[in-house]
2 protein chains.
Amino acid sequence: MHDLSATFPSIAHDSGGLPLYRVVKRSLLRAIESGACPAGEALPSEATLAASFGVSIGTLRHAVDELVAEHILVRRQGLGTFVALHTEDRFLFQFFHVERSDGLRGAPQVELVSFARVRIEEEEALALQVRPGDPAFQMDNRLLLQGRAVIHDRITLAANNFKGLTERRLRERPSTIYHLYQTEFGITVTQARERARAVAADRTSARLLGLPAGAPVLQLRRTALTFGDRPVEYRVSTVNTTQHDYVQLLSRPV
Amino acid sequence: MHDLSATFPSIAHDSGGLPLYRVVKRSLLRAIESGACPAGEALPSEATLAASFGVSIGTLRHAVDELVAEHILVRRQGLGTFVALHTEDRFLFQFFHVERSDGLRGAPQVELVSFARVRIEEEEALALQVRPGDPAFQMDNRLLLQGRAVIHDRITLAANNFKGLTERRLRERPSTIYHLYQTEFGITVTQARERARAVAADRTSARLLGLPAGAPVLQLRRTALTFGDRPVEYRVSTVNTTQHDYVQLLSRPV
DNA sequence: CCCAATTTGTTCGTATGTATA
DNA sequence: TTATACATACGAACAAATTGG
């Protein structure tokens, strides 16, 4: 980050009635979004940022507070403020909502079952806000928890957001798939919207999960969003809930 | 609220390493919990509270900020700060997570199907932290959304928390059941933990929801908690998800 | 092991703006 | 209009955590 005043420009005190700290927040978001502060990197110190924006330290902190609440920034006392990384931890606590019925929670072991370049179908196109028939990647994963096949994921990505994605790069990623989006394609998933329902397992899911076809399974339809609520991933998860539950964690201040 | 300094006593600046604003927060919680500030009532103004606690207004606001984030207090500019009420709105956005697949959201129409005083079973006793066999109330509700029977709720309450509860009082409540807990029994539900899974509908649920027995339905097991994470309600919801979804709303700052 | 520099965390106080009754 | 209450913005000082010498 070379040019402070270009990345964090001084802010006029009257920006359309919006409170100053919101203007600062938007400005910070733009900087993060644009890649000026790569994920995992520390931002300039609060004092520096406040000076650069031309606002008080309290106002700057107010803006950062909200971004921290949204898991976009992470503060570490004595170290600095960082753009949140999609490490395994963040994945687990923010985006992965299946755990064993006794409460045991762990990272899934992922098996890539299929990978293909396809023309996108209606349902997926609607979720990703592209036109039906547009090029897309579609993959099927089988997720094992505590050694048992529990989840079948079908993931759809618009091809234009993930140029150069190959089965090999998927297989060889060292961490979570959201970490791959972030580091390889500059796409940070900030939020996911999920809807759940119970359905009878179709043949594919039943086979992958070792269930009889027609068994009741939990179906999750997730749209993952990046900055500005822009959809970047659509995922249908089929969960064998005989020994596992779907749990939305509440992350509240204690 | 007569005696300010008794309800909001001056706080020592060193309380076991805990930050001052957390001590203030705990003190506020105790006051709310004890009923010194009845639900729906305005608290004393921030300036008054800060003076009573002997802390700065910024510190007091920090404490209130957290309670607002937890939906325990509600601020209204120009009016005051209020203990959150279990109105229909709050119920809908915080505790009711089923909506039609097209996103239409509305308050359910509730039909009380059965009400009984029972000895509590193992599963319910565990959730409510009482002994199996202790006296309890158990009721079955059928919930209609947009005119269709969508949810079957079986609710269990420890009898000692709801002394004097009768079928009549349940039927004649004017608002949500959580509002009844709050106004009639002084129990404010602050939080709920839910686990979802897909199961085959049992006979009772199938009948109430107009489904064939064995149809895949969503089963929610919810423990509702009051202050201090004390469990007060256990509920098993069975949801017909053919036209409705389970959705956990995310309430984030924009 | 301690020290110094850096950074966030907490606390204080004040002034002004905005919404409500 | 006025009084009250929360919302925003400013600035300063010290505490606590981390890192590196």
Side-chain angles (χ1 to χ4, degrees), chain A residues 1 4 8 10-28 32 37 40-84 253-254, chain B residues 1 4 8 10-28 37 40-69 71-84 253-254:
Chain A
M1 200 159 331
L4 264 180
F8 308 106
S10 182
I11 286 173
H13 268 52
D14 177 29
S15 296
L18 213 61
L20 190 50
Y21 73 91
R22 295 272 190 179
V23 184
V24 172
K25 181 185 172 187
R26 282 200 322 192
S27 190
L28 282 170
I32 297 162
C37 320
E41 292 268 302
L43 263 60
S45 76
E46 296 181 341
T48 309
L49 280 175
S52 181
F53 281 127
V55 304
S56 78
I57 186 113
T59 300
L60 182 103
R61 278 186 66 86
H62 198 142
V64 172
D65 282 343
E66 292 202 345
L67 293 170
V68 168
E70 294 171 45
H71 306 295
I72 289 169
L73 293 179
V74 176
R75 282 206 255 241
R76 280 190 273 170
Q77 186 174 355
L79 275 178
T81 303
F82 301 80
V83 180
V254 182
Chain B
M1 199 158 331
L4 263 181
F8 308 105
S10 182
I11 286 173
H13 269 50
D14 176 29
S15 297
L18 213 61
L20 190 51
Y21 72 92
R22 295 272 191 184
V23 184
V24 172
K25 181 185 172 186
R26 282 200 320 191
S27 189
L28 283 170
C37 319
E41 291 270 301
L43 265 59
S45 76
E46 297 182 339
T48 309
L49 280 176
S52 181
F53 281 128
V55 303
S56 78
I57 187 126
T59 300
L60 181 104
R61 275 185 68 84
H62 199 160
V64 173
D65 282 343
E66 292 201 345
L67 293 170
V68 169
H71 307 295
I72 289 169
L73 293 179
V74 176
R75 281 206 257 241
R76 281 190 273 170
Q77 187 173 355
L79 275 178
T81 303
F82 301 80
V83 180
V254 182

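Worth knowing before you read on, the calculation uses all heavy atoms, side chains too, and leaves out hydrogens, waters and symmetry mates.
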Reckon [X] has a side-chain N or O less than 4.0 Å from the OP1 or OP2 of [N]?
X	N	answer
Thr81(B)	dA5(D)	no
Thr59(A)	dT8(D)	no
Arg75(B)	dA7(D)	yes

Interatomic distance where [atom1] belongs to [X] and [atom2] belongs to [N] [whole Å]:
X	N	atom1	atom2	answer
Phe82(B)	dA21(C)	CZ	C1'	11 Å
Ile11(A)	dT8(D)	CD1	P	15 Å
Arg76(A)	dT19(D)	CZ	C1'	12 Å
Leu49(B)	dT4(D)	CG	P	16 Å
Leu18(B)	dG9(C)	CG	P	16 Å
Ile57(A)	dT11(C)	CD1	P	17 Å
Leu43(B)	dT4(D)	CG	C1'	15 Å
Arg61(B)	dT14(C)	CZ	P	17 Å

* Mapping Gly78(B) and Leu60(A) onto DNA chain D by nearest heavy atom, which one lands closer to the 5' end? -> Gly78(B)
* Asked: Less than 3.5 Å between a donor and an acceptor, one on the side chain of Gln77(A) and one on the base of dA16(D), is that the case here?
  -> yes
* Aromatic ring pairing His62(B)/Tyr21(B), orientation class (parallel under 30°, perpendicular over 60°, tilted between) -> parallel
What nucleotide, of [options], holds the atom closest to the side chain of [X]?
X	options	answer
Pro19(A)	dA9(D), dG9(C), dT11(C)	dA9(D)
Ser45(A)	dT8(D), dT10(C), dT8(C)	dT8(C)
Leu79(A)	dT19(D), dA9(D), dC12(C)	dT19(D)

* Beyond-backbone contact of Leu43(B) with Val64(B), side-chain heavy atoms, under 4.5 angstrom -> no
* Side-chain contact test, heavy atoms from C-beta onward, threshold under 4.5 Å: evaluate it for Leu67(B) versus Lys25(B) and give yes or no. => yes
* Let me see the working for Leu49(A) and Leu28(A) under side-chain contact (heavy atoms from CB on, under 4.5 Å), right down to the final yes or no. => CA-CA 10 Å; Leu49(A) 280 175; Leu28(A) 282 170; 4.3 Å; yes
* Asked: Say you draw a straight line from OG of Ser45(B) to CD1 of Ile57(B); how long is it, rounded to the nearest 0.5 Å?
  -> 7.0 Å
* To do: May I ask you to say what Gly58(B) touches in the nucleic acid, namely base, sugar-phosphate or nothing, with a heavy-atom cut-off under 4.0 Å?
  => nothing
